[in-house]
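Quick notes on the structure that follows.
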Amino acid sequence: EAGVTQSPTHLIKTRGQQATLRCSPISGHTSVYWYQQALGLGLQFLLWYDEGEERNRGNFPPRFSGRQFPNYSSELNVNALELEDSALYLCASSPFRGLGQPQHFGDGTRLSIL
Amino acid sequence: GENVEQHPSTLSVQEGDSAVIKCTYSDSASNYFPWYKQELGKRPQLIIDIRSNVGEKKDQRIAVTLNKTAKHFSLHITETQPEDSAVYFCAATGGDKIIFGKGTRLHILP
């Protein structure tokens with residue numbers, strides 16, 4: 001079974017630009033979750049999508065947004081990039097709806113803001 | 001707001017000894033508590049989880065205990081091995097929220 005895949009592996013941007021990160025869940029998984037892992041801060045919950053809809057979001061500004069496509073893949077968009085957005089962005093998926101389920105993580109996209 | 005405190009932030013144990021990592025949560029609605037292991041440069045992987053209707057769960061050398069009254073849960077690793085070296089994250093989930101602890105870096109000393 002193919003795992004959760006994320007692209008690109010690395011992304012370098014400058015302040016003010018926009019970044020798009022992509023995630024393909026495990027086949028059959030309908031829920032996709034996005035996390036930010038900044039150095040020393042653990043995993044911060046960003047967004048949760050299920051069946052094409054945003055189900056919940058964490059304490060992040062509106063310039064963090066995303067969507068889920070009919071094939072359950074997902075995009076995370078970050079507008080007006082700031083230096084503090086530099087982090088590893090992890091995507092996870094689960095076969096069942098809800099945060100109270102085991103999640104399978106991808107390898108992440110490392111976003112660096114210059 | 002809701003919070004998950006994880007201790008210690010760093011833990012060094014001799015190979016073969018036991019390791020214990022503790023987490024405390026604040027949201028009484030939390031009902032699912034997973035533990036993830038993240039080796040250097042790799043993705044987090046679920047190693048064990050427990051739900052609020054269970055007090056203890058064990059899987060070979062790994063066990064998790066939950067005290068709902070104290071809002072406290074712990075990861076126990078026995079007979080530690082070099083491959084246990086990693087960062088371990090606890091999390092507390094309730095309804096539409098999930099909060100992770102800041103992680104514990106576990107070093108297994110030869």
Side-chain angles (χ1 to χ4, degrees), chain A residues 1-10 21-26 29 31-51 53-60 87-110, chain B residues 1-10 21 23-25 27-54 57 59 62 64 66 73 75 86-106:
Chain A
E1 159 182 279
V4 175
T5 58
Q6 292 187 244
S7 63
T9 305
H10 294 94
L21 289 63
R22 296 179 177 83
C23 172
S24 292
I26 291 172
H29 288 195
S31 276
V32 171
Y33 315 87
W34 287 95
Y35 296 91
Q36 182 192 67
Q37 186 174 29
L39 199 62
L41 291 180
L43 285 85
Q44 305 290 317
F45 169 67
L46 259 168
L47 289 160
W48 165 28
Y49 290 96
D50 182 77
E51 297 286 355
E53 293 189 19
E54 181 180 305
R55 299 297 180 183
N56 198 17
R57 64 182 293 129
N59 295 325
F60 282 84
L88 180 67
Y89 289 83
L90 289 162
C91 171
S93 71
S94 71
F96 308 107
R97 179 179 174 178
L99 289 167
Q101 304 294 340
Q103 297 183 15
H104 302 259
F105 283 85
D107 287 328
T109 292
R110 185 160 297 282
Chain B
E2 289 83 7
N3 188 36
V4 172
E5 302 244 354
Q6 183 172 346
H7 297 282
S9 57
T10 305
I21 303 171
C23 288
T24 303
Y25 61 98
D27 186 359
S28 56
S30 297
N31 56 15
Y32 174 66
F33 307 91
W35 285 88
Y36 289 88
K37 174 184 179 183
Q38 188 175 28
E39 297 177 60
L40 190 62
K42 296 192 175 180
R43 64 183 71 182
Q45 291 195 305
L46 180 76
I47 55 171
I48 196 166
D49 56 8
I50 191 167
R51 299 193 184 275
S52 58
N53 58 346
V54 176
K57 183 176 179 181
D59 183 3
I62 296 172
V64 57
L66 172 65
F73 58 113
L75 176 71
V87 177
Y88 292 81
F89 294 97
C90 65
T93 305
D96 58 359
K97 298 175 188 172
I98 181 167
I99 302 174
F100 280 82
K102 290 190 175 182
T104 296
R105 185 171 299 277
L106 176 62

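Treat the numbers as computed from the prediction; the structure is a model and nothing was measured. Protein chains get the first letters and strands the later ones, always in sequence-line order, with residue 1 at the start of each.
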Tell me, for [X] versus chain A, whether the close heavy atoms (under 4.5 Å) come from the side chain, the backbone, both or neither.
X: R105(B); value: neither
X: P44(B); value: both
X: Q38(B); value: side chain

Check whether Y36(B) reaches the backbone of Q103(A) with its side chain - one donor and one acceptor, N or O, closer than 3.5 Å.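 Side chain of Y36(B) to backbone of Q103(A): a pair is present.
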
Would the distance check show the side chain of R43(B) and the main-chain N or O of A92(A) forming a donor-acceptor pair, the cut-off being under 3.5 Å?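 Not confirmed, R43(B) side chain does not pair with A92(A) backbone.
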
Hey, are the side chains of F45(A) and F100(B) touching, using non-hydrogen atoms and a 4.5 Å cut-off?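 SC-SC contact between F45(A) and F100(B) ruled out.
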
Min side-chain heavy-atom separation F89(B)-Q37(A) under 4.5 Å: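 Yes - at least one pair of side-chain heavy atoms lies under 4.5 Å apart.
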
Rounded to the nearest 0.5 Å, how far apart are CD of Q101(A) and CG of L46(B)?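 Output value for this atom pair is 11.0 Å.
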
At a heavy-atom separation under 4.5 Å, does [X] approach chain B through its side chain, its backbone, both, or neither?
X: Y35(A); value: side chain
X: N56(A); value: side chain
X: L43(A); value: both

Should the heavy atoms of other residues, nucleotides or ligands under 6.0 Å from CD of Q45(B) be counted, would the total exceed 12?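 Counting other residues, nucleotides and ligands, CD of Q45(B) stays at 12 neighbours or fewer.
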
